[in-house]
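All heavy atoms count here, side chains included; hydrogens, waters and symmetry mates do not.
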Amino acid sequence: MRAYTRMYWQKEAPVLRKFGLRDGMSVVELGSGSGIVTDLLLHRFPGITLTGVDFREEVVKQTRTYLSGRGHGGFRVVHADIRDTGLPVDAFDFAYARLVLRYLPDPLEAVREAMRILKPGGKLAISDVDHDLWGIFHPPVPELTTVLDAYGRRLSERGGDAHIGRRLPGLLSTGGFVRPQMDTIAITSHDLPEGLDMETFLAPIGLARLTRLVKEGWLAEEAAEQARVAWDRFLESPSPFVLKVMLAASGEKPPG
């Protein structure tokens with residue numbers, strides 16, 4: 001998974017720089033998870049002070065250990081909900097929420113919390129997916145649409161939104177942010193680094209989890225089997241190609 005995230009990072013870091021992230025800033029990562037992106041941020045911008053926020057206490061402990069083992073200073077990871085971090089008002093220059101808003105029943109709460117903790121003129125950047133723009137396959141694999149639809153319904157039932165990507169600019173505006181920007185973060189199977197094969201590259205689509213989707217009633221067994229067959233056919237094709245896309249947006253907290 002680290003190799004997969006690093007692959008995105010080569011395209012992701014320039015977008016964050018375009019959105020205003022600079023060395024020397026105070027940065028908050030909303031939903032820092034396992035710390036992989038935190039590590040990448042600290043390597044690319046070694047002069048930042050970084051605060052990671054995650055709601056899972058055990059993950060926070062693991063992330064602290066992981067980052068310390070990577071030789072980083074200038075960071076802290078706190079156990080809190082990104083919708084109510086408990087962090088000081090007007091404290092940060094830049095906030096980043098990566099692949100997290102899609103899981104929230106009301107993502108606007110997290111956007112408004114970012115507004116509270118950012119300094120006037122501070123920037124919030126968000127990156128997330130939209131299932132309708134998830135990727136392009138050649139040869140085409142239309143059977144995967146059924147799988148993505150099943151994941152979308154499952155996520156919606158749990159209060160999330162598989163189409164959050166298209167909502168990012170609106171969420172920023174509604175949350176009070178100004179000067180919105182939007183960009184794409186796209187990677188392809190031609191960019192695979194050494195040690196990352198096509199199956200690992202595509203693992204996040206979750207074909208390995210088809211059994212769970214069937215068991216929970218989100219996907220018919222027949223559709224799951226069709227997806228497995230189509231998947232194998234795709235991988236065995238002479239020159240399989242995939243383009244995968246994340247959407248990214250940013251906004252600025254009004255000065256004063």
Side-chain angles (χ1 to χ4, degrees), residues 1-101 103-104 109-128 172 175 177 179 181 183 185 193 246 248-255:
M1 204 61 187
R2 288 189 174 94
Y4 176 81
T5 303
R6 290 177 188 278
M7 185 176 173
Y8 261 115
W9 183 248
Q10 300 307 311
K11 308 291 181 71
E12 195 171 340
V15 171
L16 293 180
R17 190 177 291 278
K18 173 184 173 182
F19 286 167
L21 179 56
R22 297 288 183 269
D23 217 348
M25 284 183 163
S26 55
V27 178
V28 58
E29 185 186 1
L30 301 171
S32 50
S34 62
I36 297 174
V37 174
T38 319
D39 178 34
L40 294 169
L41 282 164
L42 290 166
H43 270 296
R44 181 62 68 98
F45 304 95
I48 64 175
T49 56
L50 194 150
T51 298
V53 180
D54 199 278
F55 74 97
R56 297 161 295 181
E57 187 171 10
E58 188 58 37
V59 170
V60 167
K61 293 177 182 177
Q62 293 170 359
T63 301
R64 289 171 181 157
T65 301
Y66 169 67
L67 294 174
S68 296
R70 298 284 291 173
H72 293 303
F75 78 88
R76 62 173 173 158
V77 187
V78 299
H79 174 223
D81 191 314
I82 66 171
R83 297 167 293 186
D84 183 15
T85 63
L87 295 170
V89 65
D90 297 346
F92 298 95
D93 299 303
F94 195 92
Y96 188 34
R98 182 187 194 272
L99 298 177
V100 63
L101 294 194
Y103 297 110
L104 302 181
E109 292 178 332
V111 171
R112 285 177 169 152
E113 175 66 357
M115 172 69 75
R116 187 186 70 82
I117 63 178
L118 282 169
K119 299 175 184 178
K123 301 286 189 66
L124 169 62
I126 308 167
S127 64
D128 223 309
L172 287 166
F177 287 88
R179 298 186 178 89
Q181 298 184 70
D183 212 324
I185 301 168
M246 280 202 300
S250 75
E252 178 180 323
K253 180 173 178 176

Any donor-acceptor pair under 3.5 Å from [X] side chain to [Y] backbone:
{"X": "R98", "Y": "I126", "answer": "no"}
{"X": "D23", "Y": "I48", "answer": "yes"}
{"X": "R116", "Y": "L87", "answer": "yes"}
{"X": "R17", "Y": "R22", "answer": "no"}
{"X": "K253", "Y": "G121", "answer": "no"}
{"X": "T65", "Y": "K61", "answer": "yes"}
{"X": "D54", "Y": "V60", "answer": "no"}

May I ask you to test the [X]-[Y] pair for a side-chain heavy-atom distance under 4.5 Å?
{"X": "V27", "Y": "T51", "value": "no"}
{"X": "W9", "Y": "L41", "value": "yes"}
{"X": "T49", "Y": "F75", "value": "no"}
{"X": "V28", "Y": "V53", "value": "yes"}
{"X": "L124", "Y": "M115", "value": "no"}

Separation between [atom1] of [X] and [atom2] of [Y], rounded to the nearest 0.5 Å:
{"X": "R70", "Y": "I36", "atom1": "CZ", "atom2": "CD1", "value": "10.0 Å"}
{"X": "F92", "Y": "L30", "atom1": "CZ", "atom2": "CG", "value": "8.5 Å"}
{"X": "E29", "Y": "L50", "atom1": "CD", "atom2": "CG", "value": "6.0 Å"}
{"X": "E57", "Y": "Q62", "atom1": "CD", "atom2": "CD", "value": "11.5 Å"}
{"X": "S32", "Y": "Y96", "atom1": "OG", "atom2": "OH", "value": "13.0 Å"}
{"X": "S250", "Y": "K18", "atom1": "OG", "atom2": "NZ", "value": "8.5 Å"}

If you look at every heavy atom in [X] and [Y], which pair is closest and at what distance?
{"X": "Y66", "Y": "G35", "answer": "CE2-O, 3.6 Å"}
{"X": "I185", "Y": "S127", "answer": "CD1-CB, 4.3 Å"}
{"X": "V15", "Y": "A248", "answer": "CG1-CB, 4.1 Å"}
{"X": "V59", "Y": "S34", "answer": "CG1-N, 4.2 Å"}
{"X": "L101", "Y": "A110", "answer": "CD2-CB, 3.8 Å"}
{"X": "A125", "Y": "L16", "answer": "CB-CD2, 4.0 Å"}

M25 vs F45, side-chain contact (heavy atoms from CB on, under 4.5 Å): CA-CA, chis, key distance, verdict: CA-CA 9 Å; M25 284 183 163; F45 304 95; over 6 Å; no
side-chain contact (heavy atoms from CB on, under 4.5 Å) assessment of D90 paired with L118: CA-CA 5 Å; D90 297 346; L118 282 169; over 6 Å; no
Pair E113 + R83, salt bridge at N-O below 4.0 Å: no
D93 and K123 ion-paired at < 4.0 Å: no
Derivation and outcome, side-chain contact (heavy atoms from CB on, under 4.5 Å), residues K11 and M246: CA-CA 10 Å; K11 308 291 181 71; M246 280 202 300; over 6 Å; no
H72/D39 under side chain to side chain donor-acceptor pair (under 3.5 Å): CA gap, chis, key distance, verdict: CA-CA 8 Å; H72 293 303; D39 178 34; 2.5 Å; yes
Verdict with reasoning, F19 to Q181, per side-chain contact (heavy atoms from CB on, under 4.5 Å): CA-CA 7 Å; F19 286 167; Q181 298 184 70; 3.7 Å; yes
